Amino acid sequence: MTALQQLIDGLTDSYWELLVGLLVLVFIWKIGTLLVGKRPLAEHLPLMTALLDVILLPMWVIIISGLLRYALRALELPSLIDPVDWWTDFFVYLTAAWAMGHVVTVVAKQRRRRKNRNEHIPKLIEALLYVTVMLVAVGLFMWQQGYSFTGVWVSTGVAAGVIGLALQRTLGDLFAGVSLGIERPFRIGDWLELPEEKLVGQVVDLNWRATRLRGWDNATVVIPNGRMASASLKNYYSDHHLYAPWYFVNIPAEVSPRFACALLLDAAMRCDSVLKFPNPVVRLSDASKVPYSYMVWVHLKNYPSMFRAREELYREIHLGLQEAGIEVSPEVTEMRTRRAHTNRAEPPTVALALRSLDVAGVLNDDELNQLAARSEYRYFDVGDQILAEGGVSDAFYVIIGGLVDSAIRLPDGSPKVVETLGPGKHFGISEMLTTQQNFLEFIANTDVTLIRIDLDAVRELITKRPELGEYLAGVVKTRLDAADAARVASRRPVRRLSLRDVRDGIERRLRGNRGERRG
């Protein structure tokens, strides 16, 4: 008899009523938590609860054994005490092993939570963990009791072979499930496409025999793990993973590729379901045959949002092409004898583009036409520098198509994008009308189409209408105030300009240009 058993026997002899009452209270509490479904301590302190179970569960087995031993002694049945001791040791090993397996699963779940992984551990892996630790516990118990493994192995070898042959497919599914749980080509919550099965579904469970997928029709498809392990599949991942599909649009070859890309990019940027970062990408995919094929590559927040985003994207593309007077050119196999419509879509005129500016409201038609006559289209490829940092611009630009990044240079020399400008926006007016060096640089995020308006055209307008200079000074002052945050972020000396400083800077800039021309 061990010292622990002697201690328990002493307690049961003196306080058996108290121990029985305590066991009844614990039993009632366990039943209550199962019925209510709430375990506050386990929910808020799961690891501490699991560690306590490693001690408490074997202890409760020993206490129950002590009460049984006390009852057997009271009933004068000493012959049953040895079997009770044997089963007590056996269940102590099992309960301790189960509690340690529970500790391992709790630690694994907490690590996943710290890494922001909203995924569950497959039930198959949890079951295998519990089975493994309990088999180890049974082995240790048998070793302690003096059993020989050799005899057990020989006596059960033939039976194991027969059972293995009968359960060949089931065991194959079991080991396939184990390999899927270890390799993890997919997780619970991922969306899978199985081309051979012609099936798309979300993984809802992975157990010892099969994987369960829930399709779009909300039906559950059960696929044996053996077939899942050998099947080719495409993983679209969970609802927290970006999905980046691409779509193709056919546009007549008469339309300028730059203009077509700008229209498609503008349509993608108008879609609420399409992410603005990373930016949509439009490329001319195939110009070897008519009509030309363009690829529109977008990023969505997840795979299930693809259906709404695709409809919205095609709707905006249709609207944009229709407003530009362009007909989409699908591949048509029907032979027709009528004369085909010739698409003569061109980018908007300079005058029409200038009317979209915020300064256009203070200019009349003649002044807009005067600016348009002194302006021109400019084209930049992705990555080109439009305005450099530290320079003084002699023009300002209106974006017709594409995206332009406004960036600052941090002290370590790395660029930081402050704002991304789209079609209809303009930049460079502050840099053109002041003598301050430009602390921003403007870089083409995509292929860009711009309208360039030089300083001479603006100077002539201000000479005829001095009040226009006052208005432009207010516009420049607003832009400079809005850029103070970017200046502070760049950690460079900041000198806040007043409205008078801006007016003086504009006058010096205009006088300087007139002097250069006279010279």
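Just so it is clear, the model here is predicted, and its values are computed rather than measured.
By the side chain to side chain contact (heavy atoms under 4.5 Å, CB included) test, L51 is found to be paired with L47, V103, residues two or more places apart in sequence or in another chain being considered. By the ring pair (Phe, Tyr, Trp, His ring centres under 6.0 Å) test, Y236 is found to be paired with Y243, Y303, residues two or more places apart in sequence or in another chain being considered. For T446, the side chain to side chain donor-acceptor pair (under 3.5 Å) criterion is met by no residue, not counting sequence neighbours.
At least one donor-acceptor pair closer than 3.5 Å links the side chain of Q202 to the backbone N or O of G189. The main-chain N or O of S238 is found under 3.5 Å from a side-chain atom of D190 such that the two form a donor-acceptor pair. In this structure, the side chain of K276 engages the main chain of V274 through a donor-acceptor pair within 3.5 Å. Not one N or O on the side chain of R374 forms a donor-acceptor pair closer than 3.5 Å with the backbone of I453. In terms of modelled atom types and a separation under 3.5 Å, the side chain of D266 and the main chain of L263 share no donor-acceptor contact. Side-chain N or O atoms of T211 include none that pairs as donor or acceptor with a backbone N or O of N207 at under 3.5 Å. Listed for the W297 side chain is a donor-acceptor partner under 3.5 Å among the backbone atoms of A244.
Classification of the Y237-H241 ring pair by plane angle, with boundaries at 30° and 60°, yields parallel.
Contact record, P280 with L275: CD-O, 3.9 Å, taken as the closest heavy-atom pair. Residues V204 and I188 come closest through the heavy atom pair O-CG2, 3.9 Å.
Applying the salt bridge (Lys or Arg N to Asp or Glu O under 4.0 Å) definition to pairs two or more places apart or across chains, those involving residues 442-453 are D394-R452. Legend: salt bridge (Lys or Arg N to Asp or Glu O under 4.0 Å) pairs involving residues 213-228, not counting sequence neighbours, sorted by first then second residue: E197-R227.
At most 12 non-hydrogen atoms from other residues, nucleotides or ligands lie less than 6.0 angstrom from CZ of F277.
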Can you list, pair by pair, the side-chain donor-acceptor contacts under 3.5 Å of residues 305-314, counting residues two or more places apart and other chains?
from	atom 1	to	atom 2	distance (Å)
S305	OG	N302	O	2.7
S305	OG	N302	OD1	3.2
E312	OE1	S273	N	3.2
E312	OE1	S273	OG	2.9
E312	OE2	D272	N	2.7

